[in-house]
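The chain is numbered in sequence order, starting from 1.
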Amino acid sequence: MPVPPHARGYASFGGSAGRTSAESTPDWTYPPTASAGAPNIVVVLVDDMGYSDIGPFGSEIETPTLDRLAAQGVRLSNYHTTPLCSPSRAALLTGINSHRAGFGFAANADPGYPGLRLELADDVLTLPEILRGNGYATYAVGKWHLVRDATMNPSAHRDSWPTQRGFDRYYGSLEGLNSFYYPNQLVSDSSVVDVEEYPEGYYLTDDLTDRALSYIKDLRAHDAEKPFFLYFAHVAMHGPLQAKPEDQAKYRGRYDQGWDELRRRRFAEQLAQGLFPPGTEQKPRNTEPGYEAAEWDSLTADEQRRYAKYMEVYAGMVDSIDQSLGRIVDLLEDLGELDNTIIVFTSDNGGTAEGGPEGTRSYFAEFAHVDDPDWVGDVPHDEDLIGTAKLGVHYPRGWGQASNTPFRFYKGQTFAGGVRVPLVVSWPKGLPRNGTDPGIRHEYAYVTDLAPTLLDLAGLDRPSVRNGLPAKDFDGVSAAELLRDQAAPTRHTEQYSEMTGHRGFYRDGWKLLSLHDSDADIDAPDWQLFDVRADPTELHDLSEQYPDKAAELAAAWDESAWANTVFPLLTRADLFRRRPEEARFAAPVRLLPGTPTLERYRSQRLIAYRDFTITADLTGVRQPAAATAGDSGAARDAAAPDGAEPAGFQLGDEGVLVAHGDPLGGYLLYIEDGEVVLGVNSYGRYASVGVPLPVGTHEITVRATVEPRLRWDFTIQVDGTPLAELTDQVQLVGMAPWTGISVGVDARGPVSWDLRERRGPFRYTGALRAITYTPGPIQVPQRTIDAVEREAEYAAE
């Protein structure tokens, strides 16, 4: 009998339903399945790696995996991206110009304009969403940086998190950078990984690679046919620069001749490989103020020795990326799937100048360094720590210029040094090389072309709707024909660019560029015109020779800027404006024991540029008998090296009450051997003060008071009585402290190396009721205004 009209739930049923199964026919619905033989897709995106840093683009760094992929695949010598990380990631994953996708800057601001939404909008389709809708498994590991820092905490919406934007699984860092030994926060799928202490020998690149391999193995254990998309977004090469000792050792002494000689050798190799036509010129060095790199031979022997070590670390990190890719390639070979896997390798922007002219012993210290250049620097006794977990260094910008060989300028600028990066594509089954094809394409391509190209290669169409909304169209075009045919012309004939006032416009081999001076009118570009077919390194300004062409391209930039929501152009003060409701992050907060480590941005808002008070509410401290008897903690540890309490020692109340930060900067308050100790780590330089703690103490208070020259003075009060001071401590600003606040333990990276080595995370053994933070108003004297703007600019990169 037919289903009665009033029955619900049968309208979309494809079978038939009677009163019993004997009178019914079953039917099943299935998720989308990929077509037979659909290729796997692996996109490897590196952070802040310049054009010349891998073997297929002229480097001396050992990259055998990339050498192999390039030998069987295609290199695009004229591939461009945006000048900054978040915009490039948005453009790559959506095929949409970065401003139109909402990412005209990094996801560390919130000025309130469409081109700077800094989260993916509901009408923006992503490549993993499209692939998942066509039967692909979709995985992401590594750096995301498409979530505003104000929405990285567990209470925020997750609309722009990876698993809400098309990925089945995700493991990595939502941040724009991280420590390689002590990541401040890792996320698995949509939950923070609760890590108290990282295992010995931990290294982030290895961890990410392990997780990527596990995703693929897990898939193949359950489904032998389903194709997958792996988006591996490395945290390397972003500062801080940290490499495993064995990877550093491979490059010991290789950079003693300096960056000038390195650039000469790399450029000669690029010419030999055919990446540029004969006659291409390379400018000896950047000489523009603020971008200049010193002549290597003008440096002292001590400077040369120290600077060379930075580059040894950098090379070791590039090497580790190739090792990571090698492990993925090996797995694909073991599975018999390498020939039918599209592998794309590229970088999000060019090499960086963030280390300044001399390099920095702390990536985060540069934010404070602007206001007080005397307090921190690269001193010789720190040389052994360069590249280790104990410092968060960044190299001098002379190495950034070498990274961008043979181009001018760096990450953040629209000149080729900031936006022209390597691209290697390998797919033996679908893009076989014939004997006459050199495997190099010199035609123009742009980051927005990657998504449409991959869909084209996989034979897939793009939906027109996302969640019931008309989806924004691609701005990029497929470069599949270009990859298949060395004679094919580019379909991407014009492209605008803009970043913090730096501008660019490409059309049919002509390039109009403007380098923005931060002191100049942001809407008054100083245009330079280049014929990049004859002058790919952008050395010869033709704007006076061809004023009509310059005017034509300037008008085209303006039109594109309106079409892509680039306007309004924002000064730095306007760019870093935050939405008013973020003020709640600076409200007093009471943190209970057992509260997971507070997210970094939320934690930092409690102390940045402020007086603040930390109150530890205790139930009366019990003091260890060892301290009252005059026995030292060292004697106790020697008596019980395994951590057990030896005979004659009474277990008392000791451990970390509160910790905020890690080796890159922070502070902590702890009780040990009858003393309460405040330690402050100023970007790798540690100072502390301790005072005997009366038995029965109920409240310990730390007060931080803002002083001139970005300093804090600290006082310790015990049950209302001031007992100790720690004065003239450098404020932790910008993105420091990097790891958030932990209660009752020093979780993740240690604020104090000595304490970690002696006591581990040092959980508090007594009765701690709560830690309360009471922030004061922001105090930014006029003389530090420039420093505040500078730290915000660096933090966002």
Side-chain angles (χ1 to χ4, degrees), residues 108-109 149 177 239-240 290 354-379 382 391-394 518 572-573 575-578 585-586 600-601 603-614 660-668 678-689 702-716 725-741 751 773-797:
N108 298 80
D149 45 18
L177 61 117
E354 289 168 337
E358 300 177 354
T360 172
R361 68 190 300 273
S362 169
Y363 179 80
F364 298 127
E366 284 295 284
F367 314 147
H369 183 51
V370 176
D371 191 62
D372 181 12
D374 297 327
W375 79 270
V376 69
D378 294 299
V379 291
D382 283 336
L391 286 182
V393 305
H394 216 318
S518 60
R572 285 188 295 177
L575 177 59
F576 294 107
R577 184 188 295 119
R578 296 283 184 161
F585 289 153
R600 186 268 306 169
Y601 182 72
S603 299
Q604 198 258 358
R605 294 294 90 189
L606 295 168
I607 70 168
Y609 303 105
R610 304 175 186 274
D611 294 349
F612 64 93
T613 300
I614 308 170
H660 185 184
D662 50 43
L664 308 182
Y667 57 88
L668 82 170
L678 172 68
V680 178
N681 181 333
S682 296
Y683 308 99
R685 287 183 169 171
Y686 187 78
S688 66
V689 61
V702 174
R703 298 189 185 280
T705 305
V706 170
E707 299 294 338
R709 297 172 57 240
L710 281 180
R711 296 303 202 272
W712 276 316
D713 284 348
F714 290 92
T715 61
I716 302 176
E725 293 184 344
L726 187 61
T727 61
D728 199 36
Q729 299 301 299
V730 177
Q731 286 188 43
L732 297 165
V733 296
M735 299 179 89
W738 184 237
T739 299
I741 297 167
V751 175
Y773 273 77
T774 308
I778 288 180
Q779 299 187 49
V780 186
Q782 183 61 44
R783 62 180 169 274
T784 66
I785 291 292
D786 289 343
V788 174
E789 293 179 345
R790 171 80 173 273
E791 63 89 5
E793 179 180 20
Y794 270 74
E797 295 180 355

Task: Spacing of D713 atom CG and D611 atom CG [to the nearest 0.5 Å] - done: 10.0 Å

TODO: Please report the closest heavy-atom contact between Y683 and A736, naming both atoms and the distance.
DONE: CE2-CB, 3.7 Å

Open item on the list: If I take atom CD from residue Q731 and atom CG from residue L710, how far apart are they, to the nearest 0.5 angstrom?
Closed with: 5.0 Å

- [ ] Please name the pair of heavy atoms, one in A586 and one in R605, separated by the smallest distance, quoted to 0.1 Å.
- [x] CB-O, 3.7 Å

Task: Residue pair L575 / A109: nearest heavy atoms and the distance that separates them - done: O-CB, 3.4 Å

Task: Mutual orientation of the aromatic rings belonging to H660 and Y773 [parallel < 30°, tilted 30-60°, perpendicular > 60°] - done: perpendicular

Task: Heavy-atom pair with the smallest gap, counting every atom of V730 and S682 - done: N-OG, 3.9 Å

Task: Counterpart residues, side chain to side chain donor-acceptor pair (under 3.5 Å), relative to D728 (two or more places apart) - done: R711

Task: Residues which pass side chain to side chain donor-acceptor pair (under 3.5 Å) with R610, listed by chain and number, not counting sequence neighbours - done: none

Task: Nearest non-hydrogen partners of Y667 and I607, listed with the distance - done: OH-CG2, 3.8 Å

Task: Separation of L664 CG from M735 CE (nearest 0.5 Å) - done: 11.5 Å

TODO: Would you please test W738 and L177 for side-chain contact (heavy atoms from CB on, under 4.5 Å) and show each step?
DONE: CA-CA 10 Å; W738 184 237; L177 61 117; 3.9 Å; yes

Open item on the list: Over 60° means perpendicular and under 30° means parallel, so tell me whether W712 and F612 are parallel, tilted or perpendicular.
Closed with: perpendicular

TODO: With rounding to the nearest 0.5 Å, note down the distance linking CG in L726 to CD1 in I716.
DONE: 7.5 Å

Task: Contacts of D662 that satisfy side chain to side chain donor-acceptor pair (under 3.5 Å) - sequence neighbours left out - done: T739

- [ ] Report yes if the side chains of I614 and F714 come closer than 4.5 Å at any heavy-atom pair, otherwise no.
- [x] no

Open item on the list: Under the rule for ring-ring contact (aromatic ring centres under 6.0 Å, His included), what residues qualify as partners of F585, not counting sequence neighbours?
Closed with: Y601

- [ ] Report the residues that fulfil side chain to side chain donor-acceptor pair (under 3.5 Å) with T774, sequence neighbours left out, ordered by chain and then residue number.
- [x] none

TODO: Kindly indicate, with the supporting measurements, whether the criterion side-chain contact (heavy atoms from CB on, under 4.5 Å) is fulfilled by Y609 and V706.
DONE: CA-CA 7 Å; Y609 303 105; V706 170; 5.9 Å; no

Task: Inter-residue atom distance R685.CZ - L391.CG, 0.5 Å rounding - done: 9.5 Å

Task: For the student: nearest non-hydrogen atoms of G679 and Y686, plus distance - done: CA-OH, 3.2 Å

Open item on the list: Within this structure, what is the CZ-CG distance for the pair R578 and D149, rounded to the nearest 0.5 Å?
Closed with: 4.0 Å

TODO: For R703, check salt bridge (Lys or Arg N to Asp or Glu O under 4.0 Å) against everything at least two apart and list the hits.
DONE: none

